[in-house]
2 protein chains.
Amino acid sequence: MISPKSPSRTRGPKAHRVEPDQILDAAERVFAARGLQAASVRAIAAEAACDASLIYYHFDSKETLFLALLDRLLPALHQELARLSAEVERPVVERLWETLRLYHRHMGHRAGLRAIIKGELVRGAEGLQREIGGRLVRNAEQVANILRQGIEEGAIRPELEPRLGAFFLLKTFIETLDLVPRLGVFLNEPVKPDIPKAIQSWFQLYWRGVATDPLTPLPALPPLSEF
Amino acid sequence: MISPKSPSRTRGPKAHRVEPDQILDAAERVFAARGLQAASVRAIAAEAACDASLIYYHFDSKETLFLALLDRLLPALHQELARLSAEVERPVVERLWETLRLYHRHMGHRAGLRAIIKGELVRGAEGLQREIGGRLVRNAEQVANILRQGIEEGAIRPELEPRLGAFFLLKTFIETLDLVPRLGVFLNEPVKPDIPKAIQSWFQLYWRGVATDPLTPLPALPPLSEF
DNA sequence: GGGATATTTCATCATGCGTTGAATTTCTGA
DNA sequence: TCAGAAATTCAACGCATGATGAAATATCCC
């Protein structure tokens with residue numbers, strides 16, 4: 001009976017420890033539901049059903065949390081891209097489409113992550129932007145590699161700067177993911193959002209745009225994953 | 001001699017009245033230099049060399065200021081697009097390229113405005129986003145119209161949904177404007193940014209992607225304006 | 001059992017934000 | 001000449017934010 005004041009029973013370890021991953025999950029949910037702006041440390045903590053301070057127990061700062069979020073996603077993506085990049089026997093069209101499928105599988109249902117990637121940053125996050133940019137470029141570089149291989153084997157127009165080509169492919173893909181669900185709101189009329197169709201449409205445009213021989217019909221494209 | 005306390009001479013009208021337009025200019029400068037996040041009312045006021053309160057004398061709120069910024073740009077763009085849309089005799093390729101030139105002329109040197117358009121918003125600006133989105137869609141609709149005409153006359157693939165096609169064209173254009181200058185930073189190696197080249201590259205890709213007959217060589221493309 | 005250690009919350013700080021109301025000065029027009 | 005309107009600044013409010021240090025509780029190991 002050392003404690004003189006009423007010993008509140010709220011402090012101390014819970015029955016189930018709040019894992020860092022749970023906090024990251026909560027952060028993603030907040031981002032997706034209310035946008036990056038609203039993703040204050042307190043809001044994330046509320047979503048994770050813990051105190052804001054606990055976030056600082058697991059992460060050095062809010063920026064660290066953001067990066068951790070990215071680093072939870074990117075390694076897997078990187079690895080799968082490396083695999084794709086190594087399948088030199090496979091036609092480049094197929095591999096580029098698989099690239100989109102890959103990105104879609106990893107990011108299609110993660111609007112919060114996309115928001116980070118798109119660079120909607122928090123308060124004057126200069127260092128962060130640099131850090132994020134670097135990570136993303138490393139990813140895009142792999143896609144550029146596939147394009148390079150395509151150029152070498154003559155399937156892709158040699159005028160295309162591969163890094164720029166990778167940027168076009170990925171950026172427009174991500175932006176399309178974010179646009180399509182909001183189209184109805186902007187147009188002020190009900191529009192059934194059909195993301196797979198929009199993505200296919202984008203890929204058709206893209207491939208015709210980069211291919212040396214744009215008139216060869218596309219192979220059958222395996223569908224995007226559903227969520 | 002009514003004033004009992006030392007009458008500071010700082011208040012009252014200045015020699016040259018601070019016009020609302022000057023405040024908008026200042027806002028654009030702050031956006032461009034330090035990003036939307038840093039564009040606090042105080043920062044804008046400092047750039048405009050006036051007090052923050054004066055901004056509220058001219059504008060109802062910060063959001064109003066943002067919209068005023070857009071409304072200073074969009075009408076001119078809208079009108080020029082309408083003109084382009086009416087030149088039905090002119091080949092669609094040319095008109096689409098002119099569209100990009102138009103956007104480039106109006107927004108190429110206005111990174112701040114692009115930031116607003118891209119939706120990097122301030123604190124929980126839900127209403128704003130809606131308002132901005134509506135204005136932009138009206139603009140994109142004009143480009144979609146050109147695409148529709150192209151489909152009717154058989155120059156553009158009929159599978160292309162015109163609104164989506166307009167989105168692809170404009171969005172990637174804007175994103176390219178913002179990417180190219182930063183590429184060197186991300187790649188950690190000096191890269192001479194060549195925006196016109198990147199934009200041309202994009203347009204070549206795009207036109208091949210949407211044209212019914214992608215192999216017809218592009219006409220000579222008038223250069224983008226220099227800044 | 002008891003001390004070290006890990007986990008959690010509480011209370012608080014300083015800061016910056018958007019905004020407002022009042023005070024002050026200059027300009028205008030009757 | 002003088003009243004009122006216009007333009008400008010000052011001082012402050014309330015609030016949300018990122019972050020910190022200390023306190024409290026649970027768990028584990030010897």
Side-chain angles (χ1 to χ4, degrees), chain A residues 1-23 26-27 30-31 34-68 121-128, chain B residues 1-23 26-27 30-31 34-68 121-128:
Chain A
M1 209 64 78
I2 314 169
S3 51
K5 316 206 169 177
S6 68
S8 61
R9 281 154 195 85
T10 58
R11 281 193 260 209
K14 298 179 178 178
H16 301 297
R17 174 184 127 111
V18 179
E19 300 290 337
D21 260 341
Q22 293 176 251
I23 294 178
V30 174
F31 294 160
R34 295 161 47 203
L36 260 206
Q37 299 302 330
S40 65
V41 173
R42 283 169 176 80
I44 296 172
E47 177 71 28
C50 71
D51 189 86
S53 306
L54 191 61
I55 293 184
Y56 288 93
Y57 180 72
H58 286 301
F59 302 94
D60 283 347
S61 68
K62 200 187 169 185
E63 301 206 350
T64 316
L65 192 160
F66 275 55
L67 285 181
L121 292 186
V122 251
R123 290 212 203 180
E126 307 235 327
L128 233 201
Chain B
M1 210 66 74
I2 314 170
S3 51
K5 318 205 165 176
S6 67
S8 61
R9 281 155 195 84
T10 58
R11 282 194 260 210
K14 299 178 177 177
H16 301 298
R17 174 184 127 109
V18 178
E19 300 290 337
D21 259 342
Q22 293 176 250
I23 294 177
V30 174
F31 294 160
R34 294 161 50 202
L36 259 207
Q37 299 301 331
S40 66
V41 173
R42 283 169 176 81
I44 296 171
E47 177 71 29
C50 70
D51 188 87
S53 307
L54 191 60
I55 293 184
Y56 287 91
Y57 181 72
H58 287 302
F59 302 94
D60 283 348
S61 68
K62 200 186 170 186
E63 301 205 352
T64 315
L65 191 161
F66 275 55
L67 285 180
L121 292 186
V122 251
R123 290 210 202 179
E126 307 235 325
L128 231 200

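- Taking 4.0 angstrom as the limit, B/Ser40 places none of its side-chain polar atoms (N or O) nearer than this to OP1 or OP2 of C/dG16.
- The interatomic distance linking B/Glu19 (CD) with D/dA6 (C1') rounds to 12 Å, in whole Å.
- The stretch residues 43-51 of chain B touches DNA chain D through B/Cys50, B/Asp51, each having a heavy atom under 4.0 angstrom from the strand.
- Separating the OH atom in A/Tyr57 from the CD1 atom in A/Ile23 is a distance of 11.0 Å, to the nearest 0.5 Å.
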**Message:** Let me check I have this right: for DNA chain C, each base becomes ., (, ), [, ] or |, based on Watson-Crick or G-U pairs with both distances under 3.5 Å. What is the full string?
**Reply:** ||||||||||||||||||||||||||||||
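- Of the candidate nucleotides D/dT9, C/dT19, C/dT9, C/dT19 has the atom lying nearest to any side-chain atom of B/Lys62.
- Between B/Gln22 atom CD and B/Leu54 atom CG the span is 10.0 Å, to the nearest 0.5 Å.
- Side-chain atoms of B/His58 come within 3.5 Å of backbone N or O of B/Val18 as a donor-acceptor pair.
- The NE2-C1' distance, from A/His16 to C/dT8, rounds to 15 Å in whole Å.
- Scanning for side chain to side chain donor-acceptor pair (under 3.5 Å) contacts around A/Glu19 gives A/Arg17, with sequence neighbours left out.
- Take B/Arg42 and apply the salt bridge (charged side-chain N to carboxylate O under 4.0 Å, His left out) test, not counting sequence neighbours, and it matches no residue.
- Between atom CG of residue A/Leu65 and atom OG of residue A/Ser61 there is a gap of 8.5 Å, rounded to the nearest 0.5 Å.
- Taking 4.0 angstrom as the limit, B/Arg17 places a side-chain polar atom (N or O) nearer than this to OP1 or OP2 of D/dA7.
- For the residue pair B/Ala43 and B/Ala38, the shortest heavy atom distance occurs at CB-O, 3.6 Å.
- In the region residues 53-61 of chain B, proximity to DNA chain D at under 4.0 angstrom, judged on heavy atoms, holds for B/Ser53, B/Leu54, B/Tyr57.
- For residues 49-61 of chain B, no pair satisfies salt bridge (charged side-chain N to carboxylate O under 4.0 Å, His left out), with sequence neighbours left out.
- Donor-acceptor pairing under 3.5 Å, judged by distance alone, is absent between the side chain of A/Arg11 and the base of C/dT8.
- For the atom pair NZ of B/Lys62 and CD1 of B/Ile55, the computed distance is 9.5 Å after rounding to the nearest 0.5 Å.
- Checked against a 6.0 Å centroid threshold, the rings of B/Phe66 and B/Phe31 count as neighbours.
- Side-chain atoms of B/Arg42 and base atoms of C/dG16 include no donor and acceptor less than 3.5 Å apart.
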